[in-house]
Amino acid sequence: RLNKELAPCRQVLDDLESHDEAWPFLLAVNTKQFPTYRKVIRNPMDLQTIGKRLSQNEYKSRDEFVSDVRLIFDNCETFNEDNSPVGKAGHTLRLFFETRWADLT
Ligand SMILES: Cc1ncccc1N[C@H]1CCCS(=O)(=O)C1
């Protein structure tokens with residue numbers, strides 16, 4: 001059972017996973033498709049991983065959850081051009097997250 005403090009995390013994660021622009025972030029970046037990724041991005045993160053951590057009660061606070069979500073978008077900006085399809089999706093989903101999170105907390 002998610003304690004009260006973490007309830008908004010499950011809600012916003014569900015909203016992120018169902019967003020049209022979430023496709024680049026649903027699963028860990030495939031390092032066979034992107035062989036340089038793990039060299040450039042030292043702390044990979046994705047929405048499936050966050051969901052597992054949430055279900056396994058690995059987040060002790062909302063802030064730990066928010067840090068992992070923001071890591072997705074920061075990694076995206078590091079690796080992708082702003083005007084690339086993945087880069088644009090990252091900017092769009094980051095704005096959606098920050099807006100939704102502000103509404104919920
Ligand atoms: C978030 C990200 N950063 C860098 C490279 C790739 C990705 N995501 C990939 C996820 C699978 C589909 S794709 O291969 O088009 C894009």
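These values consider heavy atoms only, across backbone and side chains, with no hydrogens, waters or symmetry-generated copies. Order of appearance sets the numbers: ligands from 1, and atoms from 1 within every ligand. What you are looking at is a predicted structure, and each value in this text was computed from that prediction instead of being measured. Residue numbers start at 1 and run along the sequence shown.
- Using bins of under 30°, 30° to 60° and over 60° for the plane-to-plane angle, the ring pair Phe73/Phe25 lands in the perpendicular bin.
- Residue Asn30 places its CG atom among more than 12 non-hydrogen atoms of other residues, nucleotides or ligands, all under 6.0 Å distant.
- Residues with a heavy atom under 4.0 Å from ligand 1: Trp23, Pro24, Phe25, Val29, Phe34, Tyr37, Phe79, Asn80, Val86.
- Heavy atoms only, all atoms of each residue included: Leu47 and Ala22 are closest at CD1-CB, 4.3 Å.
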Yes or no on ring-ring contact (aromatic ring centres under 6.0 Å, His included) for Trp101 and Phe96, after CA distance, side-chain angles and deciding distance? CA-CA 8 Å; Trp101 186 249; Phe96 174 78; over 10 Å; no

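- Between the side chains of Asp46 and Thr49, at least one donor N or O sits under 3.5 Å from an acceptor N or O.
- Scored by the side chain to side chain contact (heavy atoms under 4.5 Å, CB included) test, Val29 finds Phe34, Tyr37 as partners (sequence neighbours excluded).
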